[in-house]
Amino acid sequence: MGADAEHRTPPSPLRRIDITDSSATPPTPPPTVLGLQLSALIDHVARVDWSLLDRIPGDRGGSQQVSIEELNHILAEVNAHILHSRDDLSPVRTIAGGSVANTIRGLSAGFGISTGIIGACGDDSQGHLFVSNMSFSGVDLTRLRTKKGHTAQCACLVDASGNRTMRPCLSSAVKLQANDFKKEDFKGSKWLVVRYARQNMEQILEAIRIAKQEGLLVSLDLASFEMVRDYRLQLIDLLETGNIDLCFANEDEARELIGGELTFDPEEALGFLGEYCKWAVVTLASKGCIAKHGKQVVEVAATGESKAVDATGAGDLFASGFLYGLVKGLPLEECCKVGACSGGSVVRALGGEVRPENWQWMYKQMHASRLVLPDLSNSTEEFTTQASKKEKQDCWTDCC
C-alpha cells in the first residue's frame, strides 16, 4: 500500500506511518487543517431495501454503535438486500471513512488545502486500506499511528431515497489515547477538525487543549442526533469552555440541541450555538443552510441540479467547502455557498468520497456562482488525473 511502519523505539506497540523517506526529501510545512479521528474507520457502503433497515436495531437514518458480531451479521445480510444501480461501479463500496476523514480528504483532494490526520489504525488489511485511500487523496499521514489490533468498521446502509443509516463497530478497534498526543502534532497548523463523541471526551479535551496552546482554531461536528440527544449536557459543557470556534449541526442535531421538539426553529439552534462559537452553521438538507458569525446571519439555498444518490458524507463535505472558504478569507455567505457546492457533489454517487467527475461538477457550480476556485495546479490536479485513469482501483474494493 506504499506505507511502511517505522520502529523508532522497539519493542513498542505504537508506531508512526512513514509515508516518505525523510532523508531524501526536505521537510514539508505543517498541514493547514488537521483532523482528529482517534480510530481509523473503514466504511462498507451499500444501497439496500427497506426490509433490511426494518430488521436492524436502532433508529432508521441515525448512527448507533454495534458489536462486531452484529456488524458481521449486517454485512452478511447486505447482499440479499442490495439495490443495484447502473450508475455504480459496484453496489457495495469499501473505503476509508469517518466524518473527520471525509472532511479532510475533501479539503485535500478537491480544494488543494494541505491536510493531515491525527489518529490510529490497526495493523490489519482494513488499516492498510485506510492508509492507501487517504494517502492517495493527498492527506498527510505522518501523525497517524499504527497499533497492533483491529481497524474500526461501519456499515453505511443507503435506502432508495438516498438516506443513510450508519452502524459503526468501534468497541474492538485501536485508537489514540490522551497521552499519545504531542505538541509537535499540532504545531504550525491553523485548524483542528473534531467530531463530538462522548466516549472519547478525555482524548478530545486533551487534543483541544494542546491545539489551543498552539494557536489553532477548532471546528466541531455534532456527530448524530442520538449523540446530541443522549449527551446534550456534556456537549453544552464542551461548548461552554469557549474553545470551539466553529460548530456544524444538521437539522436533526439542531432539534435535539434545543429540546427535541418535532416543530422547532432552526434559527433558535443557530443562535444558541452562536452564543459559544465564532461561527455556527445549521445545515437543512434540501433547504440549504443558515450560518452566523458575530451579529451576521445568512441563509443560503442548496445547490441546484444535484442528483441525490446517497446522503453519506453530505455534511462532512459541506464542512470541507466551508472550511476552504474560511482558510481563503471568504465572506460568510460565500463560505456557505462553497459548502453547498461540495456537499452537493458527494451525494451524486455512493459513499462519502467525491468522484473525479463530481469534483468537476462542483467546480462548474462554483464558477457559475462566481466563487473563488481552488488552485489545482499541483496535488489536486495530479490526484484527479490519476483517479480518472485508474478509477481509483487501489482504493475502492468490490464487496460483491
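Since the structure is predicted, the reported quantities are computational estimates derived from the model, not experimental observations.
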Minimum heavy-atom separation for [X] and [Y], please, with both atom names.
X: Pro374; Y: Gly110; result: CG-O, 3.7 Å
X: Ser342; Y: Ser345; result: O-OG, 2.6 Å
X: Cys247; Y: Cys277; result: CB-SG, 3.8 Å
X: Val309; Y: Leu350; result: CG1-N, 4.3 Å
X: Thr283; Y: Asn250; result: OG1-CA, 3.3 Å
X: Ala96; Y: Asn133; result: CB-OD1, 3.1 Å

How long is the span from the [atom1] atom in [X] to the [atom2] atom in [Y], to the nearest 0.5 Å?
X: Ser67; Y: Gln65; atom1: OG; atom2: CD; answer: 10.5 Å
X: Cys121; Y: His150; atom1: SG; atom2: NE2; answer: 13.5 Å
X: Arg229; Y: Leu257; atom1: CZ; atom2: CG; answer: 14.0 Å
X: Trp191; Y: Leu323; atom1: CH2; atom2: CG; answer: 6.0 Å
X: Leu34; Y: Ser189; atom1: CG; atom2: OG; answer: 3.5 Å
X: Asp185; Y: Ile210; atom1: CG; atom2: CD1; answer: 7.5 Å

Backbone of [Y] reached by a side-chain donor or acceptor of [X] within 3.5 Å:
X: Thr151; Y: Gly122; value: yes
X: Asp221; Y: Ala223; value: yes
X: Ser135; Y: Val131; value: yes

Hey, quick one: are [X] and [Y] part of the same hydrophobic cluster, counting side-chain heavy atoms closer than 4.5 Å, chains of contacts allowed?
X: Leu41; Y: Met227; value: no
X: Met166; Y: Phe130; value: no
X: Val228; Y: Val218; value: yes
X: Leu326; Y: Leu371; value: yes
X: Met201; Y: Leu170; value: no

Is there side-chain contact between [X] and [Y], with at least one heavy-atom pair below 4.5 Å?
X: Gln203; Y: Leu176; value: no
X: Ile56; Y: Thr165; value: yes
X: Arg143; Y: Pro31; value: yes
X: Val193; Y: Gln37; value: no
X: Leu141; Y: Ile117; value: yes
X: Lys337; Y: Met366; value: no
X: Glu256; Y: Arg232; value: no
X: Leu129; Y: Ile42; value: yes

Give a yes or no on this: more than 12 heavy atoms of other residues, nucleotides or ligands lie within 6.0 Å of atom [atom1] of [X].
X: Lys212; atom1: NZ; value: yes
X: Glu299; atom1: CD; value: no
X: Glu202; atom1: CD; value: no
X: Tyr231; atom1: OH; value: no
X: Glu275; atom1: CD; value: yes

Parallel, tilted or perpendicular: which fits the ring planes of His293 and Trp279, with parallel below 30° and perpendicular above 60°?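 Parallel: the ring planes of His293 and Trp279 meet at under 30°.
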
Do the ring planes of Tyr276 and Phe272 sit parallel (below 30°), tilted (30 to 60°) or perpendicular (above 60°)?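 The rings of Tyr276 and Phe272 stand perpendicular, inter-plane angle above 60°.
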
Among side-chain atoms of [X] and [Y], is any donor-acceptor pair under 3.5 angstrom?
X: Ser114; Y: Thr32; value: yes
X: Asn358; Y: Arg355; value: no
X: Thr142; Y: Asp140; value: yes
X: Thr146; Y: Asp123; value: no
X: Gln234; Y: Asp237; value: no
X: Thr94; Y: His44; value: yes
X: Arg195; Y: Asn200; value: no
X: Ser99; Y: Asp316; value: yes

What's the verdict on side chain to side chain donor-acceptor pair (under 3.5 Å) for Arg209 and Asn243, showing C-alpha distance, side-chain angles and the deciding distance? CA-CA 8 Å; Arg209 183 187 70 81; Asn243 288 330; over 6 Å; no

Between Phe248 and Phe322, does the ring pair (Phe, Tyr, Trp, His ring centres under 6.0 Å) criterion hold? Intermediate values first, please. CA-CA 10 Å; Phe248 294 102; Phe322 192 92; 5.6 Å; yes

Salt bridge [X]-[Y], side-chain N to carboxylate O under 4.0 Å:
X: Lys328; Y: Glu334; answer: no
X: Glu357; Y: Arg348; answer: no
X: Lys147; Y: Asp180; answer: yes

For the pair Gln64 and Arg167, evaluate side chain to side chain contact (heavy atoms under 4.5 Å, CB included) and give the outcome as yes or no after the intermediate values. CA-CA 5 Å; Gln64 178 174 310; Arg167 292 297 179 263; 3.8 Å; yes

Verdict with reasoning, Trp359 to Met362, per side chain to side chain contact (heavy atoms under 4.5 Å, CB included): CA-CA 5 Å; Trp359 282 130; Met362 184 193 76; 3.6 Å; yes

Test log, rule side chain to side chain contact (heavy atoms under 4.5 Å, CB included), inputs Leu330 and Val338: CA-CA 10 Å; Leu330 302 184; Val338 178; 4.2 Å; yes

Show your reasoning for whether side chain to side chain contact (heavy atoms under 4.5 Å, CB included) applies to Leu239 and Tyr196. CA-CA 11 Å; Leu239 293 172; Tyr196 181 56; over 6 Å; no

